[in-house]
Amino acid sequence: ATRIQLGSKVKLEDGDGKAMEYTIVGAAEARPTEGMISNESPVGRSLLGKRVGDEVQIQVPRGVLRLTVTGIS
């Protein structure tokens, strides 16, 4: 896949170079502790439609989270 959509497995890197992996799922299947985030969550919603190399900035309770998309499958 070239763009993130429902069902995409997404590899991300934060500003500190820490890698993470999430699968974008519907709200009913969301299990954040298992890496399955809802397409309706702030992170999931901001990732939809993005491509590898895109950077997203997400407002979270701790401040602004900057993530770079490093892979989509």
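Given the structure is predicted, the values throughout are model-derived calculations rather than measurements. Here, residue 1 is the first one in the sequence, and each next residue gets the next number.
- The OG atom of S8 sits 11.0 Å away from the CG atom of N39 when rounded to the nearest 0.5 Å.
- Taken together through direct or relayed side-chain contacts under 4.5 Å among Ile, Leu, Val, Met, Phe, Trp and Tyr, V69 and M36 form parts of separate hydrophobic clusters.
- Counting heavy atoms from C-beta outward, L12 and V56 have side chains that stay 4.5 Å or more apart.
- Judged by distance alone, with hydrogens and angles left aside, the side-chain atoms of D16 form no donor-acceptor pair with the main-chain N or O of K18 at under 3.5 Å.
- With rounding to the nearest 0.5 Å, the separation of CD1 in I4 from NZ in K9 is 14.0 Å.
- The two residues R3 and G49 have their closest heavy-atom pair at NH1-O, 2.7 Å.
- Linking Ile, Leu, Val, Met, Phe, Trp and Tyr residues whenever their side-chain heavy atoms come within less than 4.5 Å places I58 and I72 in a single cluster.
- At least one donor-acceptor pair under 3.5 Å links the side chain of S38 to the backbone N or O of E40.
- At a threshold of 4.5 Å between non-hydrogen side-chain atoms, the residues L67 and M20 count as touching.
- Within the 4.5 Å cutoff, side-chain heavy atoms of I37 are placed close to those of I24.
- Using a 4.5 Å heavy-atom threshold, the side chains of Q59 and V64 count as touching.
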